[in-house]
Amino acid sequence: MALVTITGYPCSGKSRRAQQLKSYLESRFQSHVDSAGSNSSPTFKVVLVSDDLLNLPTSVYNDSRLEKPARSALFTAVQRHMNPSTVVILDSANYIKGFRYQLYCAAKEAGVRVCTMFVVATPEQCMKWNAERAADNAYAPETLNNMIMRYEEPSSMVRWDSPLFTLPWDEEKIPEEELYQAITMGEVKPANAGTRVAHRAPVDALQTLESTTSTIVSSIMSEQTSSGIAGGLTNIILPSATQLHVQLPDRSITLSELQRFKRSFVGTHKRAITQGVTEKGSVDFTEQSIGSKFVEYLEQNLRP
């Protein structure tokens with residue numbers, strides 16, 4: 001359904017906002033079920049992804065060599081949960097705009113909505129709250145200063161941060177209704193052409209293509225020889241017991257011309273299979289589909 005990226009200085013109150021949003025959404029989704037008089041679980045669910053839940057200590061931000069795999073772990077967890085029936089809330093620093101853009105692209109590819117919550121607090125307030133944390137959960141002072149200096153503030157003018165909700169640290173509540181509207185009814189951005197999932201042919205498509213067209217060629221020649229009648233309506237039965245009918249010109253069809261059309265047909269569809277150059281939507285390379293297309297191809301190309 002949606003990806004909500006929460007960003008802000010370390011120790012700015014992001015986790016509190018994440019919990020507020022999670023509780024509100026779960027309550028709202030449950031109310032829909034209750035009003036419908038159903039005893040089932042809510043249709044939609046809310047998943048929280050955070051440094052704490054992934055057991056990523058604050059010390060990973062002390063060294064860029066540790067921070068990079070930590071971000072990869074967050075990204076993988078977000079990707080794993082993104083789907084049309086789930087709201088994923090990412091509670092982390094998310095202070096690098098390149099990472100927020102990467103999340104935005106992943107959300108587009110998954111076909112879910114996006115929005116950003118920017119939790120604002122002064123550096124002095126963040127340092128005060130960090131000092132009040134337990135030693136094993138606090139940022140090293142130099143790390144905190146470095147992250148604040150490197151922080152890349154989100155902007156509503158760029159697509160990967162929009163829609164953007166800015167929340168001062170001292171505000172008691174989040175804008176619940178506005179966030180709900182963005183999460184459930186906001187625009188779903190289409191995936192880029194380069195990130196769309198390609199529709200692939202089955203592994204036995206080449207074999208099916210070759211065997212089906214060979215069977216049709218053999219059947220036409222066999223029927224023409226046994227009946228002694230040139231052209232006309234010819235019945236073909238494939239190995240799967242599928243019956244096809246091909247309307248041939250009123251003349252004798254030679255094996256060489258059938259083989260020529262078979263090579264042309266197979267060559268075109270072979271490129272589609274091996275290079276992934278297929279039509280949009282589902283790809284049908286079953287025996288029946290290939291047989292029907294080849295029969296139609298022969299009817300269109302065999303001259304009277």
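Applying the salt bridge (charged side-chain N to carboxylate O under 4.0 Å, His left out) test to every pair with at least one member in residues 237-250, sequence neighbours left out, gives no pairs at all. Annotation: ring pair (Phe, Tyr, Trp, His ring centres under 6.0 Å) contacts involving residues 55-83, sequence neighbours excluded, are absent. Sorted by first and then second residue, the ring pair (Phe, Tyr, Trp, His ring centres under 6.0 Å) pairs with a member in residues 223-266 read F265-H269, F265-F294, F265-Y297; sequence neighbours excluded. Every pair passing side chain to side chain donor-acceptor pair (under 3.5 Å) that includes a residue from residues 64-76 is listed here, sequence neighbours excluded: D63-R65, E67-R71, E67-Y95. Listed by first and then second residue, the ring pair (Phe, Tyr, Trp, His ring centres under 6.0 Å) pairs that reach into residues 205-224 come to none, sequence neighbours excluded.
K262 and E210 are joined by a salt bridge, as a carboxylate oxygen and a charged side-chain nitrogen come within less than 4.0 angstrom of each other. Taking 4.0 Å as the cut-off between side-chain N and carboxylate O, R251 and E257 count as a salt-bridged pair.
Shown here for K14 and G8, the closest heavy-atom pair between the two residues is CD-N, 3.5 Å. Pairing each heavy atom of A18 with each of D91, the nearest pair is CB-CB, 3.9 Å. Between A70 and L56 the shortest heavy-atom distance is O-CD1, 3.7 Å. In this structure, S12 and V119 approach most closely via the heavy-atom pair O-CG1, 3.4 Å. What you find for S92 and D51 is that their closest heavy atoms are OG-OD1, 3.0 Å. Contact record, L144 with P10: CD1-CB, 3.5 Å, taken as the closest heavy-atom pair.
Of the possible polar contacts, one joining the S211 side chain to the Q207 backbone as a donor-acceptor pair under 3.5 Å is found. A donor-acceptor pair under 3.5 Å links the side-chain atoms of R113 to the main chain of G186, judged by distance alone. Using a distance-only test at 3.5 Å, with no hydrogens or angles considered, a donor-acceptor pair links the side chain of Q20 to the main chain of E172. A donor-acceptor contact shorter than 3.5 Å is absent between the side chain of Q243 and the backbone of I237. No donor-acceptor pair closer than 3.5 Å links the side chain of S156 to the backbone N or O of L164. One N or O on the side chain of T268 and one on the backbone of S264 form a donor-acceptor pair closer than 3.5 Å. Using modelled atom types, one side-chain atom of N94 and one backbone atom of I6 make a donor-acceptor pair closer than 3.5 Å. Of the possible donor and acceptor atoms, one in the side chain of S155 sits under 3.5 Å from a partner among the backbone N and O of M157. Distance alone, capped at 3.5 Å, places no donor-acceptor pair between the S27 side chain and the S23 backbone. No donor-acceptor distance shorter than 3.5 angstrom exists from the side chain of S289 to the backbone of T286, with no hydrogens or angles considered.
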Under the side chain to side chain donor-acceptor pair (under 3.5 Å) criterion, do S85 and N83 qualify, and how do the steps go?
CA-CA 6 Å; S85 62; N83 63 67; 2.8 Å; yes
Decide yes or no on side chain to side chain contact (heavy atoms under 4.5 Å, CB included) for L53 and S50, but give the supporting numbers first.
CA-CA 5 Å; L53 293 175; S50 69; 3.3 Å; yes
Checking F165 against L179 for the side chain to side chain contact (heavy atoms under 4.5 Å, CB included) test, could you report, in this order, the C-alpha distance in whole Å, the side-chain angles of both residues, the deciding distance, and whether it holds?
CA-CA 8 Å; F165 298 88; L179 282 164; 3.5 Å; yes
Walk me through whether Q102 and W160 qualify under side chain to side chain contact (heavy atoms under 4.5 Å, CB included).
CA-CA 9 Å; Q102 185 182 10; W160 57 86; over 6 Å; no
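Rounded to the nearest 0.5 angstrom, D52 CG and S15 OG are separated by 6.0 Å. Note that CD1 of I220 and OG1 of T225 are 11.5 Å apart. Values are rounded to the nearest 0.5 Å. Summarising the geometry, atom CG belonging to L302 is positioned 6.0 Å from atom CG belonging to L258; distances are rounded to the nearest 0.5 Å. T254 contributes atom OG1, which lies 7.0 Å from atom CZ of R260 (distance to the nearest 0.5 angstrom). Distance OG/S222 to CD/Q224: 10.5 Å, rounded to 0.5 Å. The CG atom of N130 lies 9.0 Å from the SG atom of C126; values are rounded to the nearest 0.5 Å.
Within a 6.0 Å sphere centred on CD of Q288, other residues, nucleotides and ligands contribute 12 heavy atoms or fewer.
Side-chain contact between E171 and P168 is present, with heavy atoms from C-beta onward closer than 4.5 Å. At a threshold of 4.5 Å between non-hydrogen side-chain atoms, the residues V88 and V46 do not count as touching. Inter-residue side-chain proximity for V49 and L74 is flagged as met; some heavy-atom pair is nearer than 4.5 Å. Proximity of T184 to M1: side-chain heavy atoms (C-beta onward) are separated by under 4.5 Å at one or more points. Using a 4.5 Å heavy-atom threshold, the side chains of P175 and L167 count as touching. Residues I89 and K22 form a side-chain contact, since some pair of their non-hydrogen atoms from C-beta on lies under 4.5 Å apart. Residues K45 and F29 fail the side-chain proximity criterion, which asks for heavy atoms closer than 4.5 Å. Within the 4.5 Å cutoff, no side-chain heavy atoms of P163 are placed close to those of T116.
With sequence neighbours excluded, the residues that form a side-chain contact (heavy atoms from CB on, under 4.5 Å) with R28 are Y24, S31, H32, E177, Y180. A search for side-chain contact (heavy atoms from CB on, under 4.5 Å) contacts involving S240 returns L238, T242, E287, not counting sequence neighbours. The side-chain contact (heavy atoms from CB on, under 4.5 Å) check on P57 picks up S59, V60, with sequence neighbours excluded. Every residue two or more places apart in sequence or in another chain that forms a salt bridge (Lys or Arg N to Asp or Glu O under 4.0 Å) with D161 is listed here: R100. With sequence neighbours excluded, the residues forming a ring-ring contact (aromatic ring centres under 6.0 Å, His included) with Y9 are Y151, listed by chain and number. Remark: Q125 engages T122, K128, W129, W169 in a side-chain contact (heavy atoms from CB on, under 4.5 Å) (not counting sequence neighbours). Residues satisfying the side chain to side chain donor-acceptor pair (under 3.5 Å) test with T215, not counting sequence neighbours, are none.
Cluster membership check: V188 does not share its hydrophobic cluster with V87, using side-chain heavy-atom separations under 4.5 Å among Ile, Leu, Val, Met, Phe, Trp and Tyr.
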